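Keep in mind the model is a prediction, meaning the values are calculated, not measured. In what follows, chains are A, B, ... by sequence order, proteins preceding strands, each numbered from 1.
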Amino acid sequence: MPTLHLTGPLGTSLSVEVPDERDMLTVLRRYGKSGWTSGEIPPGGLQLPLSMADLFDWTLIGARAYTTSDGEQAVMYRGQSYKRRELDEVDTKKLKLPKIVKYSRGARPTDPPHLKEGEEGGVQYVTLISFRGGGRVMDSYVDPAKQAESRA
Amino acid sequence: MPTLHLTGPLGTSLSVEVPDERDMLTVLRRYGKSGWTSGEIPPGGLQLPLSMADLFDWTLIGARAYTTSDGEQAVMYRGQSYKRRELDEVDTKKLKLPKIVKYSRGARPTDPPHLKEGEEGGVQYVTLISFRGGGRVMDSYVDPAKQAESRA
Amino acid sequence: MPTLHLTGPLGTSLSVEVPDERDMLTVLRRYGKSGWTSGEIPPGGLQLPLSMADLFDWTLIGARAYTTSDGEQAVMYRGQSYKRRELDEVDTKKLKLPKIVKYSRGARPTDPPHLKEGEEGGVQYVTLISFRGGGRVMDSYVDPAKQAESRA
Amino acid sequence: MPTLHLTGPLGTSLSVEVPDERDMLTVLRRYGKSGWTSGEIPPGGLQLPLSMADLFDWTLIGARAYTTSDGEQAVMYRGQSYKRRELDEVDTKKLKLPKIVKYSRGARPTDPPHLKEGEEGGVQYVTLISFRGGGRVMDSYVDPAKQAESRA
Amino acid sequence: MPTLHLTGPLGTSLSVEVPDERDMLTVLRRYGKSGWTSGEIPPGGLQLPLSMADLFDWTLIGARAYTTSDGEQAVMYRGQSYKRRELDEVDTKKLKLPKIVKYSRGARPTDPPHLKEGEEGGVQYVTLISFRGGGRVMDSYVDPAKQAESRA
């Protein structure tokens, strides 16, 4: 039987069996709602197509979207808050950059060095996830509530 | 059957099955009373709401609260002592800081660099847990004895 | 029953049983097609014989070959793109170097230092796989579609 | 069934089931006699009460006590030799230090930095275990042969 | 049932059950012949008695002995070649060093720092295994073919 390996809000390490493999994402979502995550976010953050930026189901990684007191969109992941940043497309003769939506936070002294982006000595940050590129919507990663909205 | 992964006081690595998932915290508490922990405390320490500062059940992470010979409140976790520090709320025109209760200890030369907080060359410390913010009491993490007290 | 340990595109950590050991590579390929990988690429990258350079089945490591918009051959592995580079044989009186085909990418600030090759301060890169040396074709690692081609 | 995770003298990674949880330490001792260990010694070394210094059962961590050719007491752990050092109690007006018995070795270039104690550039060492403080004898960790001796 | 944790030539992470514990080394040898290894070589390399230098069964760690084109004895382990070096006994008034047989290779830029021996900036190397000291032949680690030879 497939077995998911999970980390809880207190750091607890737990393995749970998934009776039917087709239910794996369901189990991940159920635990994710209580802040449990599976595995590690890779250094530099996850990468998903831009089309997922407003559809991604945060419970799949044990995260939770919320709006800060300043009205900013953010995501809480393992006790840290990551803010949404939108980098507009640049399309000039000199420079071509695609549109990117990313969730990142300022680096903390206790972050391992290889997670920190930006110049040493300057402002450094840690990226949770970047949405970029022309890939299609990945249905299995879509938040059911958002899908309903986007279809309405 | 869910399986908890534990580390013992001698570093022993053990996995134990939890017959019913609802008993997971009970099993964690039972092992925690003998100093067994599950998983790792994340760099920078755990984060719980301030309302949990006097209610948290330390056995959930294999820790034990005690009073030092100087009368200070402390917690023993994996052979290291972490002292309770209370950072009062600051609410001036210049600075707004919430009340924080944290358990931390002075850094040791053998601590991995990414666990050490404070300036390099200056005083550095390692945080086990911070209680901050307005979250509600998390019933499942409350020490039964303390809950009884707080309701008395 | 043998158990494969896998990492998914969101970092998800999953173990799956392989009913018959002879099916292990089949299971690895099936998950690899959806971007799941097993274990870690060793620092410095994988090493296979040169004869495998055009036959290797990328699904065995959860990677996917594609052609960039510039017409270059590349491989997508865990959200990163690695370009094919061919180093021709050098056979002069002064220097003898064998032909090498490697897939590598420029280093990113978030790569752990021990993955980065090339001089610090200069151009650094990360190698996914090198094909070099006179070893025989490893049948079990060959992409069935490519094998058919190469025999046609 | 509880499962112990072990590392063998060749680095082999093995998990073994413990039929009855009460037999866990017995299984640990049986493997430990052949140099198998479970888990990792934490950075800075294990901490046990001073009362255990002459009673600890080294097989619980896969170590073996012996006397060097110079007549010194030492312990062999994972291919490295740790010597017994006794730090006497200091009780002056200026300084109060408890008695400590520790097993340590000189640092090697291949030791990860966070295991090395002492000043960088000066003499550095790695501690396996420290016996200090007034805790009671932990019966389950006592070497049966030594217990018999100490009671004789 | 005991379970062995293995790493394959492509980095694949696999666990296999060993029906009878007495067959553990047999299973290790069978996988080792195809380049599978279990666990990690400790920093600084494995340590075995000198009496094992010509008898050790390399398949136990997934390695393979061969002779280089220059006629040197070497061992291939996880895609890297380690050469045999013999350090003769030194027995003068000034210095006493035992005979050592070791297999090592030059350090590569992608080796983690704590694996590299020798002075930083100078020649650095990585040791796979050292045979030294007066220990007895460990029968269970002997290559059956070599044992037959040595007895002939």
Where does A:Leu28 contact chain C at under 4.5 Å (heavy atoms): side chain, backbone, both or neither?
side chain

Rounded to the nearest 0.5 Å, what's the gap from CE on A:Met1 to OG1 on C:Thr3? Could you check?
12.0 Å

A:Leu4 versus chain C, heavy atoms under 4.5 Å apart: side chain, backbone, both or neither?
both

Answer with side chain, backbone, both or neither: which region of A:Glu21 has an atom nearer than 4.5 Å to a non-hydrogen atom of chain C?
side chain

Indicate the atoms forming the closest heavy-atom contact of A:Pro2 with C:Leu14, along with that distance.
CB-CD1, 4.2 Å

Inter-residue atom distance A:Leu25.CG - C:Leu10.CG, 0.5 Å rounding
8.0 Å

Might you confirm whether atom CD of A:Glu72 has over 12 heavy atoms from other residues, nucleotides or ligands at distances under 6.0 Å?
yes

Ignoring hydrogens and geometry, is there a side-chain-to-backbone donor-acceptor pair from C:Ser13 to A:Ser38 under 3.5 Å?
no

Which bit of C:Thr7 comes within less than 4.5 Å of chain A, counting heavy atoms only: side chain, backbone, both or neither?
neither

Tell me whether the count of non-hydrogen atoms from other residues, nucleotides or ligands lying under 6.0 Å of CD in C:Glu17 goes above 12.
yes

